[in-house]
Amino acid sequence: MKNNFFELPIPTREGEFIARYSKKGLAEMDFPATRPTRRVDRTSLREVSAASADLVSRWHRTTEAALKNILAGRAAKTLPPLDTAGTEFQQAVWRELRKISFGKTKSYGEIAQAIGKPKAVRAVGAANGANPVPIVVPCHRVIGSSGKLTGYGGGLPLKKRLLQMEGVLLAVI
DNA sequence: CATCAAAAACTCC
DNA sequence: GGAGTTTTTGATG
């Protein structure tokens with residue numbers, strides 16, 4: 001660990017997730033073997049001092065617990081502090097995502113409306129895809145306007161499973 | 001300028 | 001009506 005994020009693996013039933021922490025909190029998380037197109041240079045890449053090591057491991061415990069809870073089909077009790085880097089618009093979208101309570105879904109349109117830009121649905125979709133912390137920030141609970149699944153960075157099958165585990169009944173696909 | 005994990009309007013059967 | 005296609009729309013790289 002030098003001048004990059006702390007990078008810690010989280011083994012789960014779905015595979016090994018990779019969590020990355022900045023000195024301010026959880027910054028990114030990757031699916032087991034998905035797109036390597038993640039960029040870390042958008043966040044402040046300051047060196048995480050060794051002093052914060054146990055802080056990070058504390059976050060990591062929280063993250064791991066949260067992730068496993070969700071994968072087990074249960075609500076995450078607590079989340080680690082997040083340090084998701086993004087534009088104002090993206091932050092707004094992600095903040096909105098986290099308001100979606102467990103087991104519920106929202107459409108892209110609803111989110112666009114919630115952040116005061118009812119017509120920015122398309123952009124909301126893009127912001128979802130740009131979400132650096134999938135699952136913890138429940139981008140999988142966002143679906144099309146008529147209950148249909150749309151896309152998912154981690155693959156549609158996973159999205160479907162996640163939702164079913166949360167007890168969401170999906171429209172026939 | 002082209003793209004994107006949308007949505008509504010607009011075709012044509 | 002319903003299925004497919006086109007058009008609009010906003011942020012992003």
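In what follows, chains carry the letters A, B, and so on, assigned in the order in which the sequence lines appear, proteins first and then strands, with residues in each chain numbered from 1.
- The salt bridge (charged side-chain N to carboxylate O under 4.0 Å, His left out) check on A:Arg161 picks up A:Glu14, with sequence neighbours excluded.
- Remark: A:Lys99 pairs with A:Glu96 by the salt bridge (charged side-chain N to carboxylate O under 4.0 Å, His left out) rule, at least two apart or across chains.
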Check: protein-nucleotides 5-10 of chain C nitrogen or oxygen pairs below 3.5 Å:
unit_1, atom_1, unit_2, atom_2, d
C:dG10, N2, A:Ala123, N, 3.4

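- The nearest whole Å value for the distance from the CG atom in A:Leu156 to the P atom in B:dC4 is 15 Å.
- Here C:dG4 presents its P atom at 11 Å from NZ of A:Lys148, a figure rounded to the nearest Å.
- Rounding to whole angstrom units, CD1 of residue A:Ile115 and C1' of C:dA11 are separated by 10 Å.
- Distance CD1 (A:Ile111) to P (B:dA6): 12 Å, rounded to an integer number of Å.
- Applying the ring-ring contact (aromatic ring centres under 6.0 Å, His included) test to pairs two or more places apart or on separate chains, those with a residue in residues 143-163 of chain A are A:Phe31-A:Tyr152.
- Among residues at least two apart or in separate chains, there is no salt bridge (Lys or Arg N to Asp or Glu O under 4.0 Å) pair with a member in residues 117-132 of chain A.
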Identify all side-chain donor-acceptor contacts of residues 68-76 of chain A below 3.5 Å with residues at least two apart in sequence or on another chain.
unit_1, atom_1, unit_2, atom_2, d
A:Lys68, NZ, A:Glu64, OE2, 3.1
A:Asn69, ND2, A:Ala65, O, 3.4

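- Sorted by first then second residue, the salt bridge (Lys or Arg N to Asp or Glu O under 4.0 Å) pairs that include residues 125-139 of chain A, not counting sequence neighbours, number zero.
- Look at NZ on A:Lys106: it is 22 Å from P on B:dA5, rounded to the nearest Å.
- Looking only at distances, no side-chain donor or acceptor of A:Lys106 sits under 3.5 Å from a matching main-chain atom of A:Leu97.
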Self-check item: Dot-bracket summary - DNA chain B, pairs being Watson-Crick or G-U whose distances fall under 3.5 Å, with | when paired to another strand
Solution: ||||.||||||||
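- With hydrogens and angles ignored, a donor-acceptor pair under 3.5 angstrom links the side chain of A:Tyr108 to the base of B:dA5.
- The nearest whole Å value for the distance from the CD atom in A:Glu110 to the C1' atom in B:dA5 is 16 Å.
- Following rounding to the nearest Å, A:Leu149 (CG) and B:dA7 (P) show an atom-to-atom distance of 12 Å.
- When atom types are taken as modelled, the side chain of A:Trp94 and the backbone of A:Ala127 share a donor-acceptor pair closer than 3.5 angstrom.
- Remark: A:Pro9 engages A:Glu16, A:Ile18 in a side-chain contact (heavy atoms from CB on, under 4.5 Å) (not counting sequence neighbours).
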